[in-house]
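Notes for the one structure printed next.
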Amino acid sequence: MKNHWVTLLAGIILIVASAVMPLNAHAQSLSEQDKVSLEIPDGAKAGPGFDVEVATEAYINLLSEEDRARSDAYMEGGYWLQLWGFLYGLGVAWLLLAKGLSTRMRNLSERVGKWPWLHTFVYSAQYVVITSVLFFPLTIYQDFFREHSYNLATQTFGAWMGDEITGLLVGVLIGGVALTLIYGVIRKARDNWWVWGAGVSVLLLFFIMFISPVFISPLFNDYNVLEEGPLRSSIMSMARANDIPADNVYWFDASRQTTRISANVSGFLGTTRISLNDNLLYRTSAEEVEAVMGHEMGHYVLNNVTKLVINFGLVLAFGFAFVAWGFKRALARWGQNWGVRDVSDTAGLPLFAALLSIFFFAATPVTNGIIRVHEAEADNYGINVSGQADGFARVAMRLSEYRKISPGALERFIFYDHPSGRDRVHMSMLWKSEHQESEP
Ligand SMILES: [Zn+2]
């Protein structure tokens with residue numbers, strides 16, 4: 001789900017998808033994960049001569065030259081795609097404004113009913129559909145062909161397209177509601193709209209977080225409560241020990257779309273839940289699953305989701321202030337040609353989106369840094385709770401399938417929204433070194 005509308009929506013309210021896996025995959029016994037056992041490389045085994053740096057290298061060396069070159073290329077290509085996507089977006093905005101498409105969409109929307117909120121919603125729906133169509137060549141390359149060429153995708157074209165259409169419909173609905181609210185704020189608050197707009201966006205994001213696990217995620221994947229077994233028992237025990245509602249551990253069929261292993265915390269208040277994906281369950285050892293669950297529990301206990309939303313609300317206030325400033329200037333210069341009246345005119349949405357994308361493109365190190373700090377916190381929490389230093393190091397190495405293992409300092413600063421694989425292995429081995437006595 002990396003459509004333009006998601007990018008736009010992310011920009012506006014948060015910043016914050018061969019053969020299809022058989023649908024009866026989840027009927028398999030979850031105890032199958034017992035077949036995978038944790039492998040600890042020789043240089044990382046506990047003992048009197050344990051050395052953090054040697055142990056770290058032992059894990060890093062698990063990655064073959066070939067696999068390393070592959071994940072480096074995947075990640076570095078992703079950096080360029082961020083630039084191409086940004087420039088492509090500016091081109092789409094220019095096309096909509098300069099060719100008069102946006103004013104035609106607005107004029108059409110104003111013929112439907114007499115309420116301004118309805119005009120905004122109708123314009124927004126057209127905007128989401130048209131930008132998604134214009135972005136489709138980039139979307140299909142980035143999210144379908146490229147993912148398949150790196151063996152990260154599992155879907156047939158038809159199944160992938162089905163998810164895209166579902167995503168588009170969700171985008172029309174949520175994008176429409178979000179933009180209707182934000183334009184309502186712009187009309188009411190006038191010059192101070194950027195402050196109120198950021199506040200309303202935070203509330204909107206909390207609402208989307210609240211409904212997402214119940215109404216949005218199930219549109220793309222099946223979610224199930226983790227079945228009885230040794231793994232469930234150990235996860236439930238960790239959860240109870242950390243005051244986490246014990247029925248909130250779910251798993252989902254991510255293998256429908258991807259080979260990536262992952263887990264997440266989603267929801268807000270009554271809908272908050274920790275979910276792990278089936279790739280994690282089937283492809284990794286119990287120690288690795290525990291290490292990952294410890295990390296996710298860290299997000300939960302440390303209220304990382306709430307903190308992130310509030311942090312992004314602040315960044316967004318700056319972003320909206322930049323839009324408010326830039327919009328007036330751009331309008332003074334080109335407004336006449338574009339037929340855009342003022343910032344409250346929906347015909348100016350492509351300009352609004354372009355300015356916001358410039359802000360967030362420039363703020364990439366800031367937004368990634370905010371997320372990375374919270375991820376590092378959850379890493380620390382997780383390893384202390386699970387005690388699975390080798391499990392966590394092994395998982396960090398598995399993530400190198402799609403994340404460059406050892407980025408340079410500047411590269412990490414700009415592009416990394418998680419600690420790098422090397423940093424995570426090193427942190428785990430440091431923890432292991434300091435906990436040697438407690439090992440059997
Ligand atoms: Zn995390």
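Sequential numbering from 1 along the given sequence is applied to the chain's residues. One-based numbering, in listed order, for ligands and for the atoms of each. The figures that follow rest on heavy atoms only: side chains count, while hydrogens, waters and symmetry mates do not.
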Any N/O/S of [X] under 2.8 Å from the Zn ion (ligand 1)?
X	result
H295	yes
H374	no
E375	yes

>> Please report the interatomic distance CG(L179) to CD1(I186), rounded to the nearest 0.5 Å.
In response: 9.0 Å

> Do E411 and Y79 have side-chain N/O donor and acceptor atoms under 3.5 Å apart?
Replying inline: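 There is such a pair (donor and acceptor under 3.5 Å, judged by atom type) between the side chains of E411 and Y79.
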
>> Going by salt bridge (Lys or Arg N to Asp or Glu O under 4.0 Å), name the pairs with one or both residues in residues 361-381, residues two or more places apart or in two chains.
In response: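 Pairs touching residues 361-381 that pass the test: D379-R424.
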
> Quick one: do E65 and R70 make a salt bridge, cutoff under 4.0 Å?
Replying inline: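 Between R70 and E65 there is no salt bridge, as every charged N stays at least 4.0 Å from the carboxylate O atoms.
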
